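What follows is a short report on a single structure.
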Amino acid sequence: MKFFSFFYRKNKYIEDVAEQGIEYTSYYQDSFRRLKKNNAAMICLSVLALMVLIVIFAPWISPQDPNAQSLKDALRGPSAQYFLGTDEYGRDILSRIIYGTRISLSVGIISQVLATAIGVTMGVLAGYYGGYIDSLISRVMEIFAAFPELIFAMGIMYVLGPGVSNIFIALALLSWVSTARLIRGQVLQLKQKEYVEACIASGGASFQIIVRHLVPNCISTIIIMVTLGIPGAIMSEAALSFLGLGVQPPTASWGSMISAAQSYISLIPLYSVLPGLAIIIVVISFNIFGDGLRDALDPKLKNQ
Amino acid sequence: MLLYIAKRLCQTVFVLVGITFATFCLINIVPGDPVQVMLEKRADPEMIQQVRHELGTDKPLPEQYINFVEGAVKFDLGKSYFSKEPVMSMLLRGFLVTAKLAAISFLFAVTIGISCGMLAAIKRGKPTDSFLMMIAILGMSAPSFWIAIILQIIFGLKLNLLPLSGLDQPLCYILPSIALGTRYAASIARITRTSMLDVIKQDYIRTARAKGVKESMVFIKHALKNALIPIVTLLGTQLGNMLAGSMLIEKVFSISGIGKLAVDSMTNRDLPLVQGTVLYIAVIFVVINLIVDLSYALIDPKIRYGKGA
């Protein structure tokens, strides 16, 4: 919350209220209280926290080196040494799933942060300045939205070549449009508000109006867009890696694991089932937590 | 109405031009020469020159772009570099296969999605509702290619009921279309439920109930019809995404549709084929969206009279 206090200067009225002994709670405190009441969202949040711990401590938790091959042990079922069995090169599946968490979460989070940066900038520019800038940005967005998601991501990966950092870029370019649209709409509404008008009338610089008034008022939308965008990005990364256009071997990624496992479904079905379960757990957690966050930040939207 | 259609058509033409431009940029303003990218390191300079001449990439970019648009409009995008077959005939063949698969999964998704969504709305707050919505969230969160593999394991390997791959008999369509349709069925179910619950609160539903219309009729005739608008919008974008999403399913079941063509062309770096598949998949997507928007205008009078547009 410290971060947000940069935007909201202390208000005399609030201090007065506090002196009178009336408890004042800010919008974000209220939201957080609402979120805490939502059990499903809190469970998903703890699952996600666990995932983050797995990402950080992957080298210590994983029983084996994820890339260590041992061909004599290839395609074994679960055993004491290999808790969930081994893949076609005799690598430990559990360790590879653990390391896959790193790829999935980093792709999800970084690509969405990038997408939000582009989306918010474009959305604010289009909404605030209007006119030619708005039409130009809107047309560009229409063209970006004209491609089906997967084909678009594939095309960019084709151009950039496979690799994790290129996935960040491809998925950011894929998802900034929806953020930009929402922010543009919100800025258009905010521009009508008296305090923005007052700021314009009193000669406030555009940059100041945007940073002080428009962006802070979009923060809850931005948080929601990031959280709900992450599962989509994780799914897209899995799909790209499954098709062989994403993360390249030997790096462990859930999508490419499923792709490799496909040839061995009759031998060890577990190999293809497990990475998929990992994807489902992460995606569901983000989805439910994101829904909870949306309800908490914007109670008006609930059940819509 | 006419104004709306005209406006929408103009926008579509603009977007189509944008797509050709974007596709052209995608392929040509790549760091490095596209032909070199295509041939990787195995070619000597002479061969690169020759291929460049064959593909016309030795001409200046604006001229190349005009040629590309001309080819796109005339449905002639040259030949695949590797199989030497015209790109268009390969695309058409692939598209027919994918379209059939997508149509069946679409039908599956719509029937299952709308009926489950209706059921959940009717049983709001009851165990049926929570159960269905839980399944829907699961269905939305599972990658389609993973569902496909699970279906293969269960129905193909363990129960030995259905064929594992290919599309040579009608039975073959069952697993791929379920795998492709599940995600869409789940999101349709969710939006149907929300939209129905929204409509049920309206006054005209109370009126219908008050005048003694049977409950089932209230749901089907009065509520569903009005709840359809958001559903139809969703269906449109989904039909397009299904065409693209089918490439994952096609890979699992080794079906040679347009998706497999797109993936293969990109892994083989077959330049003319990449251009063709990306361009036409996007064009089909845009055309489907146009049709949906126009039909949307037919359903919703608010848009017809220019309010919602």
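Nothing here was measured: the structure is a model prediction, and the numbers come from that model. In what follows, every chain begins at residue 1, and chains take the letters A, B, ... in the order their sequences are listed.
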My understanding is that only residues two or more places apart in sequence, or in another chain, count here; which of them pass side-chain hydrogen bond (donor to acceptor under 3.5 Å, both in side chains) with Q152(B)?
none
Here the gap from M140(B) atom CE to N287(A) atom CG, rounded to the nearest 0.5 Å, amounts to 6.5 Å
Non-hydrogen atoms of F242(A) and K251(B) that approach each other most closely
O-NZ, 2.8 Å
Applying side-chain contact (heavy atoms from CB on, under 4.5 Å), run through F145(B) and I258(A) and close with a yes or a no.
CA-CA 9 Å; F145(B) 53 92; I258(A) 298 179; 3.7 Å; yes
In terms of heavy-atom proximity below 4.5 Å to chain B, should M154(A) be classed as side chain, backbone, both, or neither?
both
What is the distance from atom CG of L279(B) to atom CZ of F147(A), rounded to the nearest 0.5 Å?
7.5 Å
Taking only residues two or more places apart in sequence or in another chain, which ones pass side-chain contact (heavy atoms from CB on, under 4.5 Å) with T101(A)?
M51(A), I54(A), V55(A), L105(A), W254(A)
Interatomic spacing from CD1 in I137(B) to CD1 in I280(A) - rounded to 0.5 Å
12.5 Å
Nearest 0.5 Å please: distance from the CG atom of L245(A) over to the OG1 atom of T267(B).
6.5 Å
Interatomic distance, E149(A) atom CD to F285(B) atom CZ [nearest 0.5 angstrom]
7.5 Å
Pick whichever of V274(B), V283(B), L16(B), N289(B) has the most heavy-atom pairs under 4.5 Å with chain A.
V274(B)
Approximate separation, where rounding is to 0.5 Å, of I151(A) CD1 and L243(B) CG:
9.5 Å
Please find the pair of heavy atoms, one from I281(B) and one from P148(A), that lie closest to each other, and give the distance.
CG2-CG, 3.8 Å
Which region of I288(A), side chain (C-beta onward) or backbone (N, CA, C, O), has a non-hydrogen atom less than 4.5 Å from a non-hydrogen atom of chain B, or is it both or neither?
side chain
